[in-house]
2 protein chains.
Amino acid sequence: MSEDEGKGENPETPSLEERTTRAGRLPGNRYVRIHQPADFRRRGGRYIAGEDVLRPASAAGRAYEAIRRVLFGPRLESEAEESERLSVPTGLAILGSDNVSSSAYATEEAMRVLALAGIGAFVFTTPIAIAVVAVLAIVVLSQSQVIQAYPNGGGSYIVTSDNLGTLPGLVAAAALLIDYVLTVSVSTAAGVQAVTSFAPELHPYVVPVGLVFIAILMIGNLRGVREAGIIFAGPTYVYIAALGALIGYGLIRVATGQIPQAAVPPGPFGATGEPLAGAAGALIVLRAFASGSVGLTGSEAISNGVPSMQPDERRNATVTLVLMGLTFSTLFLGLTFLAQVIGTIPDRSEVESLNSLVTRSLVGYSPLYYLVQGATALILALAANTGFTGFPRLASVLANDRFMPRQFAYRGERLAFSVGIFALAIVSAAVLVWREGSVTELIPFYTIGVFLAFTLSQTGLARRWRRLRSPGWRWRAALNLLGAVVTGLVLVIVLVAKAGEGAWLVVLVIPLIVSLLLAIHRHYMAVQDALVIARLDEEVAETRPPVVIVPVGRLDRATARAVAFARSISPAVKAVHVATSEESARAFDERWKQWAGKVPLDIIESPYRSLVPPLLRYIDGIQTHDDRPITVVLASFVPHSWWEWLLHSQTALRLKASLLFRPNTIVVDVPYHFDDGQVPELRR
Amino acid sequence: MSEDEGKGENPETPSLEERTTRAGRLPGNRYVRIHQPADFRRRGGRYIAGEDVLRPASAAGRAYEAIRRVLFGPRLESEAEESERLSVPTGLAILGSDNVSSSAYATEEAMRVLALAGIGAFVFTTPIAIAVVAVLAIVVLSQSQVIQAYPNGGGSYIVTSDNLGTLPGLVAAAALLIDYVLTVSVSTAAGVQAVTSFAPELHPYVVPVGLVFIAILMIGNLRGVREAGIIFAGPTYVYIAALGALIGYGLIRVATGQIPQAAVPPGPFGATGEPLAGAAGALIVLRAFASGSVGLTGSEAISNGVPSMQPDERRNATVTLVLMGLTFSTLFLGLTFLAQVIGTIPDRSEVESLNSLVTRSLVGYSPLYYLVQGATALILALAANTGFTGFPRLASVLANDRFMPRQFAYRGERLAFSVGIFALAIVSAAVLVWREGSVTELIPFYTIGVFLAFTLSQTGLARRWRRLRSPGWRWRAALNLLGAVVTGLVLVIVLVAKAGEGAWLVVLVIPLIVSLLLAIHRHYMAVQDALVIARLDEEVAETRPPVVIVPVGRLDRATARAVAFARSISPAVKAVHVATSEESARAFDERWKQWAGKVPLDIIESPYRSLVPPLLRYIDGIQTHDDRPITVVLASFVPHSWWEWLLHSQTALRLKASLLFRPNTIVVDVPYHFDDGQVPELRR
């Protein structure tokens with residue numbers, strides 16, 4: 001903006017008029033004015049950086065902005081956060097889909113273990129399913145207490161660290177972080193398996209298809225919580241409706257005695273296991289229960305995400321939680337019952353799911369079959385979304401508590417925790433690739449994290465009631481204690497039953513993550529100790545002008561600008577030149593005196609032709625009598641394009657790198673742009 | 001160094017005592033003193049950075065230094081350059097080995113072409129060899145004129161651009177650059193082939209063995225010219241002696257009529273070519289001559305490297321040149337004659353060389369055989385060294401003329417042109433890998449470059465004599481004209497004869513290189529135009545203190561240091577804070593007033609939570625009434641280790657990157673080191 005254009009300026013514009021205080025050096029005149037740029041609105045003396053300010057100026061920037069908008073939607077103001085909240089229906093879809101979707105595979109997981117003991121062992125399937133539902137009931141009841149006690153988001157981490165201390169809290173956090181990653185990997189793998197059930201020719205592409213799923217989920221979540229809800233609500237309800245219809249139809253068939261013939265799985269099934277007897281038999285039943293209890297996972301998402309609900313948050317969250325428990329139980333028990341009555345056995349090769357076999361037995365390859373399978377595939381893939389809801393939120397809480405990098409606490413342009421969403425997508429994709437998309441092998445990892453977090457938070461809550469002794473604390477504490485004991489028991493069962501299948505890995509990884517979180521915390525605390533200003537009434541120091549050293553290579557306009565800048569910031573300026581021969585040293589000295597005689601020059605002759613080490617040694621030799629910083633001003637030439645960089649020796653860069661860790665040293669790059677040549681640089 | 005330690009300082013030390021000129025701000029006291037560091041010697045008011053200054057301080061630095069010393073030897077002062085010069089014997093070994101070594105394969109190359117027309121065509125071998133030697137004689141004579149005319153190193157580039165203009169000069173330079181690269185590749189491949197002749201089991205490892213050779217050559221040359229000579233002189237003389245002995249013995253056998261039976265090559269040889277008649281036959285003979293003229297290559301190394309010779313440089317160079325011509329001719333003609341008399345035919349599979357077959361025919365698998373083959377292998381590999389002598393020197397000349405990046409003009413610690421040596425090693429290794437170590441296919445590329453450069457420089461020289469008209473200019477001009485015509489003729493023959501074998505590629509590559517050299521030149525000239533200071537009596541400008549903007553994130557010691565520094569360099573300091581909500585904006589404003597009320601603060605509210613774009617827009621809004629630079633002072637925290645960087649948001653870095661190309665803007669990083677917390681930062 002030129003002086004003339006400034007005439008029409010807003011009268012509110014604060015024109016910063018300062019007068020130079022250096023008597024005698026320069027005439028004191030108005031020399032700096034900050035015009036309010038057209039884009040900035042103002043409020044209470046502050047500038048507001050509205051959308052206009054963020055609009056990119058370059059063509060490339062505008063193109064990027066357009067793509068970003070299509071993918072992620074327009075930016076959201078911080079104030080828009082409340083309108084992004086979830087209603088009960090969208091809450092059930094977003095926070096409950098993980099748990100509800102487990103009904104699609106929990107039966108199969110239990111039966112797969114029982115199959116080791118032969119087809120006869122399948123009689124234990126129904127009892128195990130009932131046990132799982134019973135545990136879920138206890139979990140739902142105690143989670144509803146968490147919602148009451150921690151309406152600001154009662155994740156296991158918060159509940160545990162609040163009531164049992166930081167270390168148990170971090171153990172719960174580590175378990176949950178693992179859990180969320182595996183939620184994404186397991187659900188994606190299960191979703192892909194549902195697809196391969198009715199499109200077996202896709203089986204070799206399990207991993208690529210899974211990665212595409214994860215990418216879609218990532219983009220959906222970067223668009224923000226509410227848009228994710230809109231995208232994901234549909235499939236959840238289609239799944240509930242389709243599976244409900246199937247189970248209803250199946251029950252009618254059974255009631256009317258028209259039990260269909262079981263569809264046969266495509267894979268070979270060697271059903272000649274050991275007989276189910278004694279300790280070995282009991283272990284197999286326990287292991288089957290451990291596998292089936294995967295149906296309990298995802299049930300903590302709601303109590304964790306209370307602040308995402310619309311007000312009244314507690315009531316809405318509790319309603320959603322109960323609806324979730326009922327939906328899961330109905331679908332899970334219904335599917336288990338039908339599988340038993342029809343006599344379906346799981347496909348050992350993992351090509352066709354039990355769910356698909358049951359559906360096929362009942363309705364053949366009818367449209368309902370494709371509806372059920374399609375909805376199952378979608379809800380399984382979208383159950384992964386629970387991980388995308390939980391992980392970034394937990395990471396942001398940990399980042400606010402300084403246990404994770406603070407970048408995890410920043411909300412992106414769509415108010416989503418973008419860094420957490422990215423990190424989760426990358427890690428879970430890596431797990432999927434590492435396990436080559438095989439679901440069953442991932443489940444022990446997954447279950448242990450869930451139940452560890454459950455046990456810790458239930459124990460913490462029980463302790464809380466005892467401490468607070470509010471009305472009815474006894475039955476509340478008892479309920480949570482029961483929850484802790486039951487989930488703890490499941491944890492032990494899973495640990496023992498699955499020890500051989502890699503569960504031990506989780507036991508290794510959790511302490512590792514906890515120590516990483518602690519190391520990060522220690523760093524942040526140390527930095528805070530080093531940086532914190534104890535008393536605000538300490539004034540900013542009056543520091544004397546710095547000692548300025550200007551290394552000069554040759555006499556050109558870039559050097560001239562650097563020397564001029566150095567002189568403008570301090571009266572104590574010294575130039576230093578490194579010459580590679582005595583003649584060139586003499587010649588430079590001569591020309592310097594002619595040109596900039598006022599600025600003292602030291603010349604270093606470097607017979608070994610090295611530049612940086614002599615300069616560093618020279619700077620080391622400078623000593624100030626107080627602790628004012630030594631400032632090194634470097635002339636740097638900025639060419640038009642990257643390849644032109646290669647044509648200039650990078651001495652300045654190397655010197656800068658060497659000075660980076662030198663205490664009390666400030667390096668100033670005075671850039672000389674290619675086009676600056678037009679501007680008259682030197683004035684008398 | 002503390003104040004106390006400073007007492008014993010050298011009386012010569014210039015204690016820079018400056019008084020602050022800013023009246024009233026600070027008491028004018030001695031505030032900066034540069035002690036002469038113990039390591040710096042002094043001479044005529046200048047510091048001398050001796051070896052001590054370059055000694056690294058850290059343990060890692062010392063270890064690196066030790067390894068460097070073992071590999072490359074101790075550093076050399078610039079003044080040591082003269083003692084690095086070459087005597088005639090070392091000169092012949094270093095500069096002449098390329099040409100002399102061609103005797104090992106020139107005969108074979110010619111015969112390989114003749115073989116296409118059947119065994120009968122081999123009668124043309126001897127006439128072709130004589131023609132090659134005749135051309136060499138002309139070349140040697142005209143090169144000796146180059147030595148007289150250009151005692152400072154008369155490479156074809158210099159001679160041509162001096163007499164015919166820049167563009168022809170650059171064509172010669174491009175041809176030579178290609179030539180040197182191919183010298184390395186071809187000689188290495190030939191050396192490896194000599195090894196595989198007597199160790200055929202190494203044949204699959206041609207490329208790796210070649211790469212090791214190149215690496216050894218690179219290190220040898222980085223050690224400097226003279227040490228390279230000491231390393232490389234031995235093999236050259238062993239080769240000359242061994243081959244001389246073999247030829248002598250062979251001639252005696254022929255004279256006494258005891259002609260041995262020809263050894264049979266191991267590979268199959270389909271000798272049923274077309275009969276040698278008509279135009280096709282003539283073409284084959286010409287192609288054979290073109291292949292054999294590879295024996296002329298390398299002959300320009302001496303005239304190019306005159307300054308590397310001990311004084312009297314001209315005399316020594318001329319003697320070396322003549323010795324080289326005689327040595328090559330003797331060995332080449334002798335070997336060709338013996339091959340003809342014995343009736344040896346080349347091995348089509350390229351496993352055993354003609355040289356090996358001839359030697360084997362004469363002396364069987366005797367010790368002399370192994371001596372000849374070993375020496376051949378070594379000299380062929382070391383002939384590659386000619387490339388390492390020529391390329392870096394030519395590149396440095398081109399860099400001084402601003403046609404190549406100036407890094408090529410710097411002498412390394414051993415006075416060698418390190419960048420050129422590295423570049424040559426990398427490019428020639430790439431060529432070797434690309435051609436999979438096959439010699440014959442590389443030769444056309446190689447020969448064309450040589451003869452193009454010859455023709456251009458001979459023409460240039462002829463023109464020079466005509467222009468100068470010094471005594472005897474007529475016969476000198478005639479001689480060079482003859483040289484130009486003969487080498488030009490050879491050039492045309494090679495181009496026509498080898499057009500199908502990839503010679504066209506050189507014709508494509510030369511213009512490409514020339515335009516690259518011109519583009520680099522244009523860039524340097526444009527930079528010089530932009531940067532040059534026309535009149536030295538223009539004084540360095542008195543610039544007023546800069547407008548300083550300090551973006552502040554939070555109130556901590558790093559911020560305090562940045563603000564203190566900003567205030568020390570200018571009275572016009574403004575802080576700016578970006579807040580993501582109204583409340584945090586208010587709170588920050590409140591705290592700022594308490595803490596640094598003197599420094600004006602602007603607050604930008606950024607409801608979209610973005611930091612960098614509003615800051616950039618804010619800086620754009622600042623306008624100075626003159627062109628004084630806007631200085632942005634950034635507080636930056638420097639952690640202990642690299643992983644800790646990840647824990648801090650890189651806002652400062654992003655801001656810096658965005659400001660890099662902004663005109664008239666200087667960014668100052670005020671680092672706050674982790675340990676700085678100990679130093680009392682703020683004083684009243």
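A quick note: this is a predicted structure, and the numbers were derived from the prediction, not measured. Chain A is the first sequence line, chain B the second, and so forth, proteins listed ahead of strands; every chain is numbered from 1.
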Closest approach of B:Pro671 and A:Thr665, non-hydrogen atoms and distance?
-> CG-O, 3.3 Å
Side chain to side chain donor-acceptor pair (under 3.5 Å) against B:Asp669, all qualifying residues, sequence neighbours excluded | B:Ser636, B:Lys656
A:Ile569 and side chain to side chain contact (heavy atoms under 4.5 Å, CB included): which partner among B:Ile569, B:Val668, B:Val548?
-> B:Ile569
For A:Thr559, what residues pass the side chain to side chain donor-acceptor pair (under 3.5 Å) criterion, not counting sequence neighbours?
-> A:Asp556
When heavy-atom pairs shorter than 4.5 Å are enumerated against chain A, which of B:Ile666, B:Val667, B:Val578, B:Val633 gives the highest number?
-> B:Ile666
Is it the side chain or the backbone of B:Val670 that comes within 4.5 Å of chain A heavy atoms, both, or neither?
-> both
